[in-house]
Amino acid sequence: MFLFSLLSSSLITPAFANPSTNDVYHYGYSWGGMYRTCLTYKIGGVSKTKAKQEIAIAFKYAKKHIEDRQIFRNLKNASAKVFSQECKDLL
């Protein structure tokens, strides 16, 4: 019983309680997916059509899960800047 109490209390962390922290997680998850797709496309590992689909999926995920509109705008601005330099074909 003690071990169960110890483990369950350790699960109550700011990452679970703070929506802003979750927004940062979703930002990183979405951005990582989009940037990974961009790099994979650049080296020829994925077709243009598939890359566009993957980026759209990551962006839709971000739009659905990021509650803080400023964090979402930051994602849009970062993707526009990087994609215009690295993967302008995917815009």
Side-chain angles (χ1 to χ4, degrees):
M1 187 62 153
F2 173 74
L3 184 57
F4 178 76
S5 316
L6 182 64
L7 288 175
S8 64
S9 68
S10 69
L11 293 176
I12 302 170
T13 65
F16 291 108
N18 187 347
S20 177
T21 303
N22 289 332
D23 285 347
V24 171
Y25 168 80
H26 295 303
Y27 172 93
Y29 182 82
S30 301
W31 175 247
M34 293 188 312
Y35 196 67
R36 178 207 63 219
T37 301
C38 172
L39 294 177
T40 305
Y41 171 73
K42 277 180 63 173
I43 63 169
V46 67
S47 70
K48 185 177 185 177
T49 304
K50 183 68 174 169
K52 283 186 170 191
Q53 289 172 345
E54 290 293 326
I55 289 169
I57 289 168
F59 196 72
K60 188 183 288 187
Y61 174 89
K63 191 171 186 178
K64 180 178 179 183
H65 289 90
I66 296 175
E67 296 173 10
D68 186 332
R69 293 296 98 192
Q70 182 61 40
I71 292 176
F72 184 71
R73 275 193 299 273
N74 289 343
L75 177 69
K76 284 174 46 176
N77 293 339
S79 62
K81 182 179 179 183
V82 169
F83 281 76
S84 68
Q85 295 170 359
E86 301 288 327
C87 295
K88 57 186 166 198
D89 297 348
L90 301 179
L91 289 176

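Computation of the quantities below employed the complete heavy-atom set of this structure, encompassing side-chain atoms and omitting hydrogens, waters and symmetry-equivalent molecules.
- Remark: aromatic rings of Trp31 and Tyr35 are close, center separation under 6.0 Å.
- Between Tyr25 and His65 there is no side-chain heavy-atom pair separated by less than 4.5 Å.
- One side chain, Tyr41 or Asp89, offers a donor N or O that lies under 3.5 Å from an acceptor on the other.
- Residues Val82 and Met34 have side chains not in contact (no heavy-atom distance under 4.5 Å, counting atoms from C-beta outward).
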All N/O donor-acceptor pairs, side-chain side in residues 43-57, below 3.5 Å, sequence neighbours left out:
unit_1: Ser47; atom_1: OG; unit_2: Lys50; atom_2: N; d: 3.2
unit_1: Lys50; atom_1: NZ; unit_2: Glu54; atom_2: OE2; d: 3.4

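- Note: Lys76 NZ to Arg73 CZ = 8.0 Å, rounded to the nearest 0.5 Å.
- Taking both residues in full, the closest heavy atoms of Ile66 and Phe72 are given as CG2-N, 3.9 Å, listed atom of the first, atom of the second, then distance.
- Contact between Ser30 and Ala62 at its shortest, heavy atoms only, is OG-CB, 3.2 Å.
- Rounding to the nearest 0.5 Å places CD1 of Ile71 at 9.0 Å from OH of Tyr27.
- The shortest heavy-atom contact between Lys63 and Arg69 is O-NH2, 3.9 Å.
- Between the CG atom in Asp23 and the CG atom in Asn74 there is a gap of 11.0 Å [rounded to 0.5 Å].
- In this structure, Tyr29 places its OH atom where only 12 or fewer heavy-atom neighbours from other residues, nucleotides or ligands lie under 6.0 Å away.
- Residue pairs meeting the side chain to side chain donor-acceptor pair (under 3.5 Å) criterion with at least one partner in residues 79-88, sequence neighbours excluded, are Lys42-Glu86.
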